[in-house]
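Scroll down for the structure; my scribbles are underneath it.
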Amino acid sequence: MIWASLGGMPVIVLLRHGLSSANVSGILAGRAPGVSLTDEGARALRANLELLPHRHFTHLLHSPLQRCEETAAIAAETAEFEHFDVDEAVIELDYGDWTGRSLKELGQEPLWATVVKTASQAKFPGGESITEAADRSTARIRDLVAQLREEERVDAEDRAASGSGTDAEKPAPPRWAMIVSHGDIIKAIIADALGMPLDDFQRLSVAPGSFTVIDYSGDRPVLAAMSVTAAGLAQSAAVGGGGMR
């Protein structure tokens with residue numbers, strides 16, 4: 001992936017939804033309706049958000065699923081967002097017939113080994129492939145980075161046109177955006193930023209309610225922080241990020 005041609009200095013924070021009822025139950029929620037944050041998940045999420053290195057964001061984009069809507073609303077208690085939008089491109093993987101089943105049960109399926117070891121070849125029965133989900137989410141990140149860079153350019157031109165005062169002489173501040181999404185989607189975005197093959201993305205771990213920071217200011221994306229939580233929680237590399245450890 002060539003990022004150098006994009007120019008500018010955007011930073012993107014990837015926020016995984018807080019601990020949900022499905023996480024606690026070990027269920028692969030997928031796009032099933034009615035999956036909400038637990039009380040513990042909401043409390044931990046608020047504590048995690050206090051660690052954010054930046055509190056003013058140009059954009060917040062969130063998955064339309066309930067657990068991400070709730071997470072985005074809690075994020076808005078801590079940080080400021082100029083634009084706050086639902087985005088289908090960062091919705092959870094469509095796990096098809098696997099939706100709503102227990103991770104323990106799914107671990108016995110022949111497809112499980114493919115999901116874990118060669119994810120790029122995995123397509124869920126009645127759903128989408130991991131590659132399809134990775135492609136849509138990383139394409140949205142590229143578009144967002146380009147948008148942020150263009151907004152920075154316009155801001156710099158406006159500042160220069162405003163006169164020769166102190167503010168006009170300062171460089172335009174970098175634009176920050178937040179994506180509120182799901183474990184596998186965030187891992188796919190991180191893998192893409194690192195130039196990591198999708199087949200290796202299950203080696204990444206992103207805890208519920210954690211945030212990850214990727215700096216797109218240079219020739220290549222830089223992973224500045226990953227899976228940050230106040231409690232230092234880890235989580236399993238299981239598909240869908242449903243299990244906790």
Side-chain angles (χ1 to χ4, degrees), residues 10-30 35-57 59-63 65-81 84 87 90-93 103 116 133-134 137 141 176-194 196 200-216 221-245:
V11 179
I12 294 181
V13 172
L14 306 171
L15 178 63
R16 186 180 175 192
H17 64 77
L19 188 70
S20 72
S21 53
N23 294 136
V24 173
S25 301
I27 297 297
L28 187 62
V35 178
S36 61
L37 302 187
T38 65
D39 290 343
E40 176 191 353
R43 285 194 297 270
L45 176 63
R46 288 186 171 90
N48 297 344
L49 289 168
E50 290 298 323
L51 300 177
L52 281 173
H54 195 77
R55 298 297 178 92
H56 183 84
F57 293 79
H59 298 276
L60 181 145
L61 305 177
H62 68 84
S63 159
L65 298 180
Q66 180 178 339
R67 55 195 184 276
C68 284
E69 290 181 339
E70 293 173 353
T71 297
I74 292 174
E77 297 173 4
T78 300
E80 296 179 355
F81 302 96
F84 196 99
D87 200 309
V90 295
I91 194 173
E92 177 66 289
L93 261 155
L103 291 168
V116 173
S137 56
I141 293 297
W176 286 61
M178 179 179 287
I179 303 286
V180 180
S181 189
H182 308 267
D184 279 344
I185 299 300
I186 291 174
K187 290 192 296 182
I189 293 169
I190 296 170
D192 181 71
L194 294 176
M196 175 187 293
D200 291 335
F201 97 127
Q202 299 289 17
R203 299 173 67 181
L204 301 172
S205 179
V206 181
S210 70
F211 65 84
T212 293
V213 182
I214 304 178
D215 181 353
Y216 291 94
V222 173
L223 181 63
M226 189 177 88
S227 194
V228 177
T229 67
L233 293 176
Q235 88 116 67
S236 76
V239 60
M244 293 290 294
R245 68 180 182 194

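Each residue takes its place number in the sequence, starting with 1.
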Shortest non-hydrogen pair, I214 vs P221, comes out as CG2-CB, 3.9 Å

Side-chain heavy atoms of V180 within contact of E69, under 4.5 Å:
no

Would H182 and L65 satisfy side chain to side chain contact (heavy atoms under 4.5 Å, CB included), going step by step from the backbone distance to the final call?
CA-CA 10 Å; H182 308 267; L65 298 180; 3.6 Å; yes

Side chain of S25, backbone of A22: donor and acceptor closer than 3.5 Å?
no

Taking only residues two or more places apart in sequence or in another chain, which ones pass side-chain hydrogen bond (donor to acceptor under 3.5 Å, both in side chains) with S20?
N23

Main-chain N/O of S227 paired with T212 side-chain donor or acceptor, under 3.5 Å:
yes

Test side chain to side chain contact (heavy atoms under 4.5 Å, CB included) on M226 and L204; report intermediate values, then the result.
CA-CA 9 Å; M226 189 177 88; L204 301 172; 4.2 Å; yes

Would you compute the distance between atom CG of L61 and atom CD1 of I179 and round it to the nearest 0.5 angstrom?
4.0 Å

Correct closest heavy-atom pair for L60 and A75 would be CD1-CB, 4.4 Å

Please find the pair of heavy atoms, one from C68 and one from S181, that lie closest to each other, and give the distance.
SG-O, 3.6 Å

Which atoms form the tightest heavy-atom contact between S137 and A188, and what is the distance?
OG-CB, 4.4 Å

Atom pair OG/CG of S210 and L51 - distance to nearest 0.5 Å:
11.0 Å

Do the rings of H54 and W176 sit parallel, tilted or perpendicular, given the 30° and 60° boundaries?
parallel

Show the nearest heavy-atom pair for residues P53 and F211, with the distance to one decimal.
CD-CE1, 3.9 Å

Do any N or O atoms from the side chain of R16 and from the backbone of V206 form a donor-acceptor pair under 3.5 angstrom?
yes

CA sep, side-chain torsions, deciding dist, call: R67, E92, side chain to side chain contact (heavy atoms under 4.5 Å, CB included)
CA-CA 11 Å; R67 55 195 184 276; E92 177 66 289; 3.7 Å; yes

T71 versus L15: any side-chain heavy-atom pair under 4.5 Å?
yes

Could you grab the distance from atom CD1 of I74 to atom NE2 of H17, nearest 0.5 Å is fine?
12.5 Å

Contacts of F201 meeting ring-ring contact (aromatic ring centres under 6.0 Å, His included) (sequence neighbours excluded), chain-then-number -> none

Which salt bridge (Lys or Arg N to Asp or Glu O under 4.0 Å) pairs, counting each pair once, include a residue from residues 42-51, with sequence neighbours left out?
R46-E77, E50-R55

Would you say I12 and I189 make side-chain contact, with heavy atoms under 4.5 Å?
no

Any non-hydrogen side-chain atom of L45 less than 4.5 Å from a side-chain atom of E70?
no

Grab the two heavy atoms, one from A133 and one from I185, that are nearest each other, plus how far apart they are.
CB-CD1, 4.1 Å

Quickly, which of H59, M178, H62 forms a side-chain contact (heavy atoms from CB on, under 4.5 Å) with F84? Name it, please.
H62

Do N48 side-chain atoms and G209 backbone N/O form a donor-acceptor pair below 3.5 Å?
yes

Should Q66 and L37 be marked as a side chain to side chain contact (heavy atoms under 4.5 Å, CB included) after you check the CA-CA gap, both sets of side-chain angles, and the distance that decides it?
CA-CA 8 Å; Q66 180 178 339; L37 302 187; over 6 Å; no

